[in-house]
Structure formats: structure tokens, C-alpha cells
Amino acid sequence: MSVVFDILTVVFFKMDAGRSALALRVLLLAFFTRHVSTEDYFRMGVNTNSAEAMQFLREYDREASGMCYRVTMSQWRFVTNITEYNRRRMLEELTLSSKFERLSWRKAAAYDSSRLPDPQSRRQLTRLVQASRAALPDDKFAEIQQLITEMKEIYNSAKICPYGQKPYDPHVPRVSYNQDFPTNQYQLANQPYQHYQPFNQENPENSNYCDMQLDPEISRILAHSRIESELLYVWKSFRDQTGPKLKNRFMRYVQLANQAAVETGFRDAGDQMRAAYEDPSFRASVEEMYNQVAPLYKQLFTYVRRRLVQRYGETAVRSDGPIPAHLLGNMWAQNWKSITDLVMPFPQSPNVDVTAEMLRQGFTPLRMFQMAEDFYTSLGLKPAPPEFWRGSMLARPPQRSVQCTASAWDFCNRIDYRIKQCTEVTMQDLISTHHEMAHIQYYLQYAEQPQLFRDGANPAFHEAVANAASLSVYNLPHLQRVGLYQNKSHDPYEVSMNFLMTMALEKVAYLPFAFMVDQWRWSVFEDGVQNMNNRWWQMKLRYQGVIPPMPRTENDFDPGSKYHIVSDQEYIKYFLATILEFQIFEQLCSVSGHAGHLHECDIYRSRDAGRLLSEIMQPGSSKPASELIRTMTKGKTNRISPESLVKYFRPLELWLRVQNRDEPLIGWSSNYHDVALFAPQRGAGPALDTPLVLTCLVCVIGYLL
Ligand SMILES: *[C@@H]1O[C@H](CO)[C@@H](O)[C@H](O)[C@H]1NC(C)=O
Ligand SMILES: *[C@@H]1O[C@H](CO)[C@@H](O)[C@H](O)[C@H]1NC(C)=O
Ligand SMILES: *[C@@H]1O[C@H](CO)[C@@H](O)[C@H](O)[C@H]1NC(C)=O
Ligand SMILES: *[C@@H]1O[C@H](CO)[C@@H](O)[C@H](O)[C@H]1NC(C)=O
Ligand SMILES: [Zn+2]
């Protein structure tokens, strides 16, 4: 889902939730971690010759576009044809562009951008300079890059043994993960997952026994297993294989990132990351957003907890307590859609899924892309250029190794745009196709901007726009309009509630997690690396209502089980994007003349919606996000607001309130035992020591929120 395409991830063949837009930001991210910022912060250079500065920017634009083209092409060749030769070529290009960027940074930082008469040039220079770590001396700059690379390698090579720890038995039949996973059989049989690992056809004895990786094996166990001890086992084992090995490197990384930030003129690395949002009260703004969505989250949480109590019993889940983190179908308890089967409002009514109908109508990947293109041209937006159809990889090619995560690419030459997706004929891929095509549309719309502005208005925009478009595709009226869904005799209310529940498990359940990750990271940058794991769980408890299923100590490093932490990728943008997508969606629906429930809005064929989308996309990042939001909302506000999201889920919230009417508590309360799972307990005896009292204060506050 992420706009950020992380190239070093690709180098190691693994992606974390990566749907991506690929542009100059790729090379900048790989080597600098770019964060754009307001002008007030930055310590500027002394060169006041503005003619020279403008000349520099013109040259930079040309050279950076060329460099970006070469790097992007080498990356494309590699991920669509994974060979050692292509990897080497790509690394060479990356090294060259790293040198180029560092050199450009030095030149740019020499200018006093405040003296530039042209505000757009001032903005370009600011973008180029402020987000970089190039202020570090050479050795330290190399060191932090090396640390991030190593942390990703450790993360990506984490492997665990199958549950049960049985020695390898060649007579036990094994399932290859290339085969369809027999979800239902598995759930019915209630058998542990131990036979699930790669099967070496040539030599079964040679199969490495302990080689279950996060993707796909471990994630699938967490999604499909309903055996608590097995869930607990994989939850713990993956953390054992990541955190402790990463902790020391992470602490050094914090030190270096902070040094880079300070030398660039920021208070700390969190401050530098937040600057991209150009909002002086950013922290207060996001906290307020969290508070606005918390009541809805707590209704969902309370209902889901009841169902988990029914499934796993009171000994596993307390009726008014937090939820143990391993029961929600996901390694980080961030997306709950895998436990849909446990929480469906009306199990006798169907879940919206048009896959069977697509197969019946003989859909192909090409037809899915044509359908997505038609969606955007129906709004009056641009068709995909011929180069797109020639160059894209729309399905998994036979006989070569490719990296399959769906992503949308901008080759920085205003000609080449491509999508890479191993499309299969499923509803999920149909939505994903529309999503990636929205990124392509975004690239086409801001193509005329200078290279430094070919990006979303802030880091949340690309994803938000792509998801806003998807919201109009994944709903019953639209699927009906394009002939994929027939109104059968099912109760429309029940179908609606099932639909909204699946959306809520993905979007609403995600918000507190997406919020807390950077709360934690900022606190580490700001307050230091002591008690990192304790603070992580304090925040998990306070914001998500989730506790570890077993005791944790400072020897564990549970934030290290999240890829975006170890790979140095900002996370708050996912929180904002999830909120913003509904805000954009509501505006699109409003100009298209939609009346009625928001979750039934379809903007297909609305030229007015297309015009508004175009107004949002065309400026790229040449204007502050607040200005765009002001335009988009017809002057009503300049802020990202969760009102639309809350409105979208309102019918579900009403239903949840009824379901929860007999619950002892909406939300969660934590007790001494919950907190003792992760808080350090120094000394003996009943007297609470200070950290514990503090922690409990935090839980009380968390509960009150
Ligand atoms: C894949 O890359 C190799 C170079 O390693 C090249 O020889 C080959 O032609 C490429 N295959 C395709 C289908 O592009
Ligand atoms: C299979 O692998 C085992 C263990 O590495 C080895 O001892 C054995 O000789 C191999 N058998 C074949 C047929 O390659
Ligand atoms: C939004 O507008 C208000 C005035 O209406 C202004 O004070 C505030 O700074 C603006 N926020 C941003 C982020 O620009
Ligand atoms: C489906 O049909 C029923 C009755 O035939 C109708 O009440 C309902 O509004 C229809 N639903 C949609 C989404 O068109
Ligand atoms: Zn995306």
C-alpha cells in the first residue's frame, strides 16, 4: 500500500506492504531518507547570489531527472527479471546516484534560500536540502546507511521453525506454499500448522526444516490458525529472531539520525521527519485526530473482544480488558481482516466478493487494467500512454524470477510509466489494479512539475488519493454498474453491514496502530533509548488496547518486529492517508452529486469528480497540503479531518452500539497484571515502584481517552 518504494527492500527480495510509487524519491530514500520541511527550521547557507541558485536548480532538475531515469530503469530490470547481473547493474546505478545526490546537497546547502525572490524556487531548494542526512560527515553518513542495510538484512532473513519443533520426518506429507492454501479445511480440522513449509521436490531430506519466513508462512499462520498455542508460538518466535539482533544497531542508528537532524537545524530526527507536513502544531493535530476516531475504534474493539472471548474463553481474553496481541490475525495486530470469519455481523448473508463472477465472465489481467483505465477516463482524466501498455508487467511472466508486489512506476522522463503486478483474476486484484492506476494518474497529472515537486502534496497524499479512488470501486453500486454484482434476494442491510465490517477491520482497526508507531519512534528520538520496549507496550496498550501475550523485557525489542522501524521509513503517513482518503472521497462524492450513505457512493463517470481529483493531483508537492485541502473543501478547512471516515462507518457504528449494549465496558481497562507483562519490576514486595506507577497512570489516561 505504501507510496514509498523502498529499493533496498527490493534488493533483498522482500517487501513490507509495499505498493509503490517510484520516482526520484526512490533514490533519495535509499540513501538519504528525504523529509521535506517548512522553511523556518532550516539552517541556511551564506551564498546569496540568487541568479546562481536559480541556475543550479535548473541544472539539478535536468541532471536529477536523468539520474532518476537510469536508476529507475535499472531497478525495473532487476525486479522484473531477478538475476545477479541485473542486481549488480542496479547497485552500480544506485552508487552513482548516491554520489550525485550528496554532491547536489552540498551545493544546495550553500545557498541562502530565503534570499530567493521566487517562492517556488525557494520551496525547491528547501525540499532538496532539509530532508537529507547529507549533513553528516562522510564516515557517519556511510555508517548509518550501512546500519539500515544490515537491519533490513537481519529482518528479511529471519526464519523460524514450524510449530511443534519436531525433527524432520520425510514420511509426513508436506504442502508447498505454491499451492493454494486450504484455508477452510485447515480451520475445520483445527490441526496445527506444522506441515506447512517449502517442499524440496528433488531431495526431501534436504529441505531446511527451520525456514518459515514472515511472508508467506508466518503471516498465513497468524491469519488462519485458530489454535492459541500455535499463534503464541509464531508470535514469539518471530520476535526472538528479529528484535534482540537489531537492538544495538537500532540504538546507534538513533544516535546518528539525531546527529544528522541537529546538523541540519532540527531538534532531533523526529522533528526532521515531521517537518514534511509543514504544520507547526503537527503533533497536537494528529493526537486530536486519534481522539476523534477513538470512540469508533472502541466500539469495534469491544465487539471484536466479545467474539474473541467466545472463541478462546475468558482465560485468554478478559471481558473488559485489553486484547492479547496474537489473536487478531496479524503479526502486529494492525489489520484484523483475517478474523472476519469470527466477527461477521450476518454470517448467513454473503460477503461481497465478485471473484467468481469475474471468472465466469472470462476476465483477464489485461481486461482488468482496461477496466481501471476506463474508470479514470470516465472521470475525464488521462488515459494511460502507449508506453504504459508496452512496458508494464501486468501478469507474472513464465520462466523468470520476478518480485511480485504490486507497484506503480514513474521513470522521471515524462514518457515512461509502468505498473508491475502479478495480477490474478480476483476481486482483490481488481481493486488493487484501480489503486495502482490511480498512482499512474497522479504521475501523469503532475508530470509538468519540476522533478522536486513530482510527489504528493505531503507524504500521505499518494496513498490517500489512490485509496479514495478504490473506495468508489469497491462498493455494491459500482460493482453492480459494471455488471459484476447482481442484486440477489439477500437483505441489503445485512449485506451492507457485512461489507462495512470488512472495511472496518482493515481501516478502523489499523488507525491506532498507524498512530502509535511514530509516537514511539518520536519519543525514542526525543527522550533516548532507555526502556524502549516498555514504552512500546505502554503505547500499544494506551492506543490500541493490546497487550503482549507473554511477559516482555528490555532484552526483547518488539518494535524491531515491524519492518518500517528497522528500515527507517516514516509511518505516520499511513495514519494520515487512511483518514485523508475518506475526506477526499467525501469531497469527490459531494461534487459528483451523490446523496445517501457514503459507503454507497460511486463517482464513476462524474466529470466533476474528475476535475476535483485533477486539482488535487496536478500541483504535486509544489503547494503545501493545507492549501490543497482548503481548495478541495471549498474553503471549509485546511486540515486533514476524520469526520468523513466517521461518517462512512456511521451505520456500522450504530449497529455496534446495539451489539455492545450489555458490555461491561466500551474500550478497555488494564490491571496490574497487564502492565506487569512489560513494565520493569524492580525490588520485591507489594510497593509499586515509580515506573510502574507512571505506567499505570498512562493506562488510566489511555482508558479515559
Ligand atoms: C533478464 O536479464 C538477463 C541479464 O541478466 C538478460 O540476458 C535477459 O535477456 C533478461 N530477460 C528478459 C526477458 O528481459
Ligand atoms: C539429499 O540431502 C541429504 C542431506 O543434505 C544428502 O545427504 C543426500 O545425499 C541427498 N540425496 C540426494 C539424492 O541428493
Ligand atoms: C490553517 O488555517 C488557519 C487559519 O484559518 C491558520 O491559522 C493555520 O496556520 C492553517 N494551518 C496550516 C497547516 O496551514
Ligand atoms: C436489491 O433489491 C431489493 C429488493 O429487490 C431492494 O430493496 C434493494 O434496494 C436492492 N439493493 C440494491 C443495492 O440495489
Ligand atoms: Zn499505493
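The analysis underlying the following values was restricted to heavy atoms, covering all of them including side chains, and did not include hydrogens, waters or symmetry mates. Both ligands and their constituent atoms are indexed starting at 1 by order of listing.
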More than 12 heavy atoms from other groups under 6.0 Å of CZ on Arg115: no
Glu615 (side chain) donor-acceptor with Met632 (main chain) under 3.5 angstrom: no
Location of contacts on Arg630 toward ligand 3, heavy atoms closer than 4.0 Å: side chain
Over 12 foreign heavy atoms within 6.0 Å of CD, Glu643: no
Side chain to side chain contact (heavy atoms under 4.5 Å, CB included) partners for Pro642, two or more places apart: Met289, Gln292, Val293, Ile579
Sidechain-backbone polar pair: Arg400 side chain, Thr80 backbone, donor-acceptor under 3.5 Å: yes
Residue His439, metal the Zn ion (ligand 5), N/O/S under 2.8 Å: yes
Donor-acceptor under 3.5 Å (Ser472 side chain, Ala468 main chain): no
Non-hydrogen side-chain atoms of Arg454 and Cys412 separated by less than 4.5 Å: yes
Atom name in His435, limited to N/O/S, at shortest distance from the Zn ion (ligand 5): NE2
Quick check for students: name every N or O atom pair between ligand 1 and the protein closer than 3.5 Å, with distances.
residue	atom	partner	partner atom	Å
ligand 1	2 (O)	Asn81	ND2	2.3
ligand 1	2 (O)	Asn86	ND2	3.2
ligand 1	5 (O)	Thr83	OG1	2.9
ligand 1	11 (N)	Asn81	ND2	2.9

Asn638-ligand 3 polar pair, N/O distance under 3.5 Å: yes
Thr426 and Glu424 side chains, donor-acceptor separation under 3.5 Å: no
Per-atom contacts of ligand 3 with Ser626, taking only distances under 4.0 Å to non-hydrogen atoms: 12 (C), 13 (C), 14 (O)
